[in-house]
Amino acid sequence: MRYSKFTIALLCLCASNSYALELITATENQTVNQIEQKFDIDNLLISINDRLSNHKKSEYDYESLLTNIKNEKENYNKAILALPNAILTESDPSNYFKEIETLVKNIDSLEKKSVDDEVKNKENYQDILKQYEVVNSQRTQRSAQLFALKKEIVNRIVAELSSVDSVKLVDLESSMTCSKFQSINDCLKDTEKYTVKNTINSDPFLSDKSVLLSYKVIDASMNMNGELHYRVNMTFKPSYNNKIESLLNEKLGLKSTVITLTSNVDADWYVDGAKVGTGKKIYPEVTLGKHGIVASYKTMKKSTIETVETNAIFNYKFGKIEDKPATDNEEIKSIANKSTADETKPNQTKPKLTMYANKEDSTSKEINIKNETTVDNSDKNSYEYYLGIKPLNKEEQDKQFKSK
């Protein structure tokens with residue numbers, strides 16, 4: 001026999017006793033709502049999420065400050081190494097010393113700020129953790145009351161299922177395709193085990209341990225194409241099973257699930273203040289219920305309060321990504337870079353103003369100011385060099401003095 005189609009449509013579920021089996025009664029559901037309202041943590045989660053987001057921005061600013069201090073110290077070290085050369089080449093080295101002093105003061109100011117920021121960040125984060133402890137405490141109390149309620153519900157269901165009169169009556173209407181050469185009775189007989197199995201799988205009060213008390217075909221018809229339409233009535237002895245346990249945990253929020261957190265950047269992810277991972281996509285496991293989710297990337301953040309009821313995907317997309325400048329003090333120019341650049345220039349000899357210069361050698365000879373009046377008259381190759389006057393040799397000078 002070949003089957004090309006098999007569907008089951010559940011029309012109604014009812015019990016033969018005077019009361020219907022219920023997973024959670026109206027009274028129990030009202031108690032659940034009262035517990036949820038008593039431990040409503042929405043506003044608290046929103047406030048803490050904002051504080052955590054601002055704290056992550058402060059931490060990023062603090063890391064940038066440490067990088068800035070490191071860069072300024074490197075500039076200072078370069079400036080000190082270039083100091084001897086600056087003293088020899090600068091006409092007024094005092095400006096260079098002032099620039100070094102500015103670097104020292106700036107480093108001192110940045111280091112004091114880093115110490116203050118580190119203390120503030122630690123204190124702020126400890127305060128945030130205390131607030132999350134309040135949230136976790138309320139969540140723990142909520143779970144404890146829900147567990148107590150679940151115990152009461154389970155006791156009720158077990159008592160009901162243990163009753164001698166407790167049965168599960170199922171009326172089912174379904175259709176399937178049989179062979180054209182098969183009779184209705186043969187087709188119904190072949191499908192019975194599939195009908196029973198699918199009914200057990202779809203009903204929370206039935207399991208493999210449930211006893212089938214009766215199976216009765218109420219109506220059946222088959223057309224010329226072999227399409228069988230039938231209606232059956234089944235009676236089971238229900239039993240407590242894992243499906244009931246799982247459904248209760250889900251409805252009461254006592255079950256955990258895996259959620260997907262995605263972003264367009266490698267964000268740091270926090271759930272209820274605890275870091276759960278870093279990346280563009282992570283899969284943390286959380287309990288059912290409300291949770292504060294924060295995605296942090298550099299100085300930017302995204303945060304929401306989400307009610308997790310099943311496996312869900314939450315996307316936090318950041319806009320234009322801009323890197324923060326490496327330094328907060330752009331007005332302070334690096335004198336070390338300037339000195340380095342000067343060192344890379346070709347060596348140029350500055351003209352030295354002296355009383356005499358060698359005719360054959362363009363390099364000036366310095367003369368001690370104290371001995372400025374004593375000149376070697378035997379040096380026939382000497383020139384007197386005044387600014388703006390053409391140099392004369394010694395013989396030409398003597399002729400000018402004699403003519404006067």
Side-chain angles (χ1 to χ4, degrees), residues 6-39 139-174 176 188-220 230-257 287-289 307-311:
F6 182 74
T7 59
I8 292 180
L10 189 63
L11 295 182
C12 65
L13 291 174
C14 62
S16 61
N17 46 354
S18 59
Y19 55 87
L21 293 175
E22 290 183 278
L23 189 68
I24 298 180
T25 64
T27 302
E28 292 164 347
N29 195 54
Q30 184 178 359
T31 304
V32 173
N33 293 334
Q34 291 175 352
I35 294 174
E36 294 292 351
Q37 292 176 4
K38 181 179 179 180
F39 298 101
R139 187 177 279 121
T140 301
Q141 295 179 53
R142 167 186 169 274
S143 297
Q145 294 193 16
L146 289 174
F147 269 114
L149 177 60
K150 177 191 170 184
K151 186 176 180 180
E152 294 177 4
I153 295 173
V154 169
N155 291 336
R156 172 187 60 80
I157 294 176
V158 170
E160 291 177 356
L161 297 179
S162 301
S163 173
V164 177
D165 298 329
S166 177
V167 294
K168 186 72 175 180
L169 177 63
V170 178
D171 284 330
L172 183 142
E173 185 175 346
S174 182
M176 63 174 298
L188 288 172
K189 186 179 297 185
D190 290 337
T191 60
E192 180 178 341
K193 63 177 181 180
Y194 297 103
T195 304
V196 172
K197 180 179 180 181
N198 286 335
T199 302
I200 290 175
N201 291 338
S202 61
D203 193 290
F205 294 100
L206 301 178
S207 66
D208 294 337
K209 296 181 180 180
S210 299
V211 179
L212 177 63
L213 301 177
S214 66
Y215 182 92
K216 183 178 181 181
V217 178
I218 306 300
D219 186 28
Y230 64 100
R231 180 184 176 189
V232 298
N233 175 274
M234 293 173 283
T235 305
F236 295 88
K237 179 59 181 177
S239 60
Y240 191 87
N241 58 81
N242 292 333
K243 286 187 292 183
I244 296 177
E245 186 78 15
S246 179
L247 285 173
L248 284 177
N249 288 337
E250 183 176 340
K251 291 184 177 296
L252 297 177
L254 302 174
K255 183 180 178 181
S256 63
T257 185
T287 58
L288 300 183
T307 300
V308 179
E309 296 178 346
T310 182
N311 295 4

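From a predicted model like this one, the values you see are computed outputs, not experimental measurements.
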Spatial distance of atom CG (D208) from atom NZ (K197) [nearest 0.5 Å]: 8.5 Å

K168 versus L21, closest heavy-atom pair with distance: CD-CD1, 4.2 Å

Whether over 12 other heavy atoms sit under 6.0 Å from E309 CD: no

I35 versus Q145, closest heavy-atom pair with distance: CG1-OE1, 3.8 Å

Crowding at CG, N155 (>12 non-hydrogen neighbours, <6.0 Å): yes

Between CD1 on residue I200 and CZ on residue F205, distance to nearest 0.5 Å: 15.0 Å

Contacts of type side-chain hydrogen bond (donor to acceptor under 3.5 Å, both in side chains), residue E245, not counting sequence neighbours: K150, Y240

Heavy-atom side-chain proximity of T195 to V170 below 4.5 angstrom: no

Heavy-atom closest pair, residues V167 and P238: CA-CD, 3.8 Å

Candidate pair R156 and E22, rule salt bridge (Lys or Arg N to Asp or Glu O under 4.0 Å), full reasoning: CA-CA 10 Å; R156 172 187 60 80; E22 290 183 278; 6.0 Å; no

Side-chain heavy-atom pair Q141, F39 within 4.5 angstrom cut-off: yes

Trace of the side chain to side chain contact (heavy atoms under 4.5 Å, CB included) decision for T310 with V308: CA-CA 6 Å; T310 182; V308 179; over 6 Å; no

Min side-chain heavy-atom separation Y215-T235 under 4.5 Å: no

Contact check, side chains of K251 and L23, non-hydrogen atoms, under 4.5 Å: yes

Donor-acceptor under 3.5 Å (S166 side chain, S162 main chain): no

Check: E28/T25 side-chain N/O donor and acceptor closer than 3.5 Å: yes

Set of side chain to side chain contact (heavy atoms under 4.5 Å, CB included) partners for K209, sequence neighbours left out: S207, S239

For the student: nearest non-hydrogen atoms of L288 and N249, plus distance: CD1-O, 4.4 Å

Stepwise side chain to side chain contact (heavy atoms under 4.5 Å, CB included) check, Y230 with I218: CA-CA 8 Å; Y230 64 100; I218 306 300; over 6 Å; no

Flag, side chain of N198 to backbone of Y194, donor-acceptor distance under 3.5 Å: yes

Neighbour count above 12 (heavy atom, 6.0 Å) for N242 CG: no

Any N241 side-chain heavy atom under 4.5 Å of I244 side chain: yes

pair L213-V211: side-chain heavy atoms closer than 4.5 Å: yes

